[in-house]
Structures are given as C-alpha cells and as structure tokens.
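Let me begin by presenting the structure, written as structure tokens, before commenting on it.
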Amino acid sequence: MAHQDEFGRQERLFSIIHAYFGSDNDRVVEAILETTGQKVTVRSVQAWLIAPNKVSHRRVPDWALKGLEDYIQQPGRVKELKEFTARQQERRMNSAQKGNDWVHEIISQKAVEFATREIELDAQKQQQWT
C-alpha cells in the first residue's frame with residue numbers, strides 16, 4: 001500500500017511538472033519557494049521523480065506537492081503556466097529543428113538518470129572498498 005501511495009504521489013508531481021511547468025524544474029523550484037517558503041533544489045525535484053527502487057530516490061514531501069497544487073490554484077496561474085509550457089515546447093521544437101542546444105536538452109532530460117547512475121556507481125565503489 002505504501003509503495004502504491006508513493007507511486008501516486010510521484011504521478012501527481014510528474015503530471016503537474018509536465019502539464020503546468022513545461023518540464024522546467026527550475027520553475028517548479030521557484031513555485032515551491034513562493035508558495036511554501038521552503039527552499040528546494042532542482043536535484044531534490046529530480047530525486048522525487050526517481051523510481052522508488054533506486055538509491056537516489058527521495059519521497060515527495062506533502063508540503064511540496066500541496067505547495068505546487070496551491071500555486072496552480074492561484075487566480076490567473078493556469079493561464080500563465082499554460083502559456084509558459086507552450087513557449088517551452090515551441091523553444092524545444094525550434095532548437096531541435098535548428099540543431100541548436102541539443103546537448104543542453106539531452107542533459108536536462110536525462111539529469112535524473114545521470115544522477116542515479118552516479119550515485120549507484122559511488123555506492124558500488126564504496127562497497128568494494130569495504
């Protein structure tokens with residue numbers, strides 16, 4: 001049951017980030033800070049999205065999820081965020097068509113996987129040393 005609850009929380013977070021924030025974790029961090037007053041990092045958001053069976057996974061805090069949901073509910077936010085998401089998608093499409101910025105896009109999209117692999121390799125090295 002707890003695993004299913006965590007998966008549901010991750011799904012809600014993932015849906016909010018992609019639907020309202022154009023997959024821009026920097027913008028998510030700003031929204032959480034504005035709504036909750038709590039400072040988080042992009043890496044924290046990434047860790048919340050990592051599969052629960054990975055060593056770098058972190059549980060999505062209630063306050064962060066509620067903060068994002070509250071942020072979206074503020075008057076005028078849905079329209080503003082939908083426009084932001086559309087601009088993000090257009091920028092990505094233009095970059096892909098021009099062949100520009102593709103390295104940054106790949107790194108941004110794969111950051112969670114890169115971080116997970118790095119943590120797993122560090123854990124393996126530490127285990128070998130001991």
Side-chain angles (χ1 to χ4, degrees):
M1 185 72 159
H3 179 69
Q4 195 172 31
D5 178 53
E6 181 59 23
F7 181 73
R9 297 162 67 74
Q10 278 187 314
E11 282 295 308
R12 282 173 43 206
L13 179 64
F14 181 84
S15 294
I16 290 169
I17 290 172
H18 291 284
Y20 296 99
F21 293 90
S23 302
D24 186 330
N25 289 341
D26 288 315
R27 185 78 189 261
V28 171
V29 166
E30 291 171 10
I32 291 172
L33 176 61
E34 182 179 321
T35 308
T36 68
Q38 299 254 11
K39 291 184 180 180
V40 298
T41 63
V42 168
R43 178 67 188 106
S44 295
V45 175
Q46 293 168 346
W48 298 337
L49 295 170
I50 292 173
N53 63 336
K54 299 292 185 180
V55 69
S56 54
H57 166 76
R58 299 295 178 266
R59 187 175 189 277
V60 182
D62 291 330
W63 57 265
L65 198 51
K66 183 174 180 341
L68 284 176
E69 290 170 340
D70 290 348
Y71 185 85
I72 293 166
Q73 296 302 317
Q74 294 174 357
R77 285 286 187 208
V78 171
K79 182 180 179 201
E80 170 195 329
L81 291 170
K82 290 289 184 182
E83 290 170 357
F84 174 78
T85 298
R87 285 192 308 274
Q88 287 289 91
Q89 290 172 346
E90 183 178 339
R91 183 186 61 81
R92 288 181 182 129
M93 286 177 52
N94 288 339
S95 291
Q97 288 172 351
K98 293 177 185 176
N100 297 336
D101 222 12
W102 62 273
V103 172
H104 174 72
E105 284 299 318
I106 289 172
I107 290 171
S108 177
Q109 291 171 1
K110 300 293 183 181
V112 172
E113 291 176 39
F114 293 155
T116 299
R117 286 188 189 134
E118 185 176 329
I119 290 170
E120 288 172 345
L121 286 173
D122 287 346
Q124 287 175 353
K125 286 178 187 175
Q126 185 176 10
Q127 187 177 12
Q128 288 174 345
W129 291 340
T130 57

>> Hydrophobic clustering (ILVMFWY, side-chain heavy atoms < 4.5 Å, transitive) - are Tyr71 and Phe14 grouped together?
In response: yes
> With hydrophobic residues grouped by side-chain heavy-atom distances under 4.5 Å, do Val42 and Leu49 end up in a single group?
Replying inline: yes
Minimum heavy-atom separation for [X] and [Y], please, with both atom names.
| X | Y | value |
| --- | --- | --- |
| Ala31 | Leu68 | CB-CD2, 3.9 Å |
| Arg9 | Pro61 | NH2-C, 3.3 Å |
| Arg43 | Ser56 | NH2-CB, 3.5 Å |
| Ile50 | Lys54 | CG2-CB, 3.4 Å |
| Ala19 | Lys82 | O-NZ, 3.8 Å |

State, yes or no, whether a side-chain contact exists between [X] and [Y] at a heavy-atom distance under 4.5 Å.
| X | Y | value |
| --- | --- | --- |
| Ile32 | Trp63 | yes |
| Ile16 | Leu65 | yes |
| Phe21 | Val45 | no |
| Arg27 | Leu81 | yes |
| Lys66 | Thr35 | no |
| Ile72 | Val78 | yes |
| Arg59 | Trp48 | no |

>> Run Gln124 and Leu121 through side chain to side chain contact (heavy atoms under 4.5 Å, CB included) and show every step you take.
In response: CA-CA 5 Å; Gln124 287 175 353; Leu121 286 173; 3.7 Å; yes
Starting at [atom1] of [X], measure out to [atom2] of [Y] and round the result to the nearest 0.5 Å.
| X | Y | atom1 | atom2 | result |
| --- | --- | --- | --- | --- |
| Asp5 | Gln10 | CG | CD | 10.5 Å |
| Ile17 | Thr85 | CD1 | OG1 | 11.5 Å |
| Asn25 | Glu30 | CG | CD | 11.5 Å |

>> I'd like to check the salt bridge (Lys or Arg N to Asp or Glu O under 4.0 Å) partners of Glu11; sequence neighbours left out, ordered by chain and number.
In response: none
> side chain to side chain contact (heavy atoms under 4.5 Å, CB included) with Arg77: which of Lys79, Glu80, Gln73?
Replying inline: Glu80
>> Check this for me: does any side-chain nitrogen of one of Arg87 and Asp24 sit under 4.0 Å from a carboxylate oxygen of the other?
In response: no
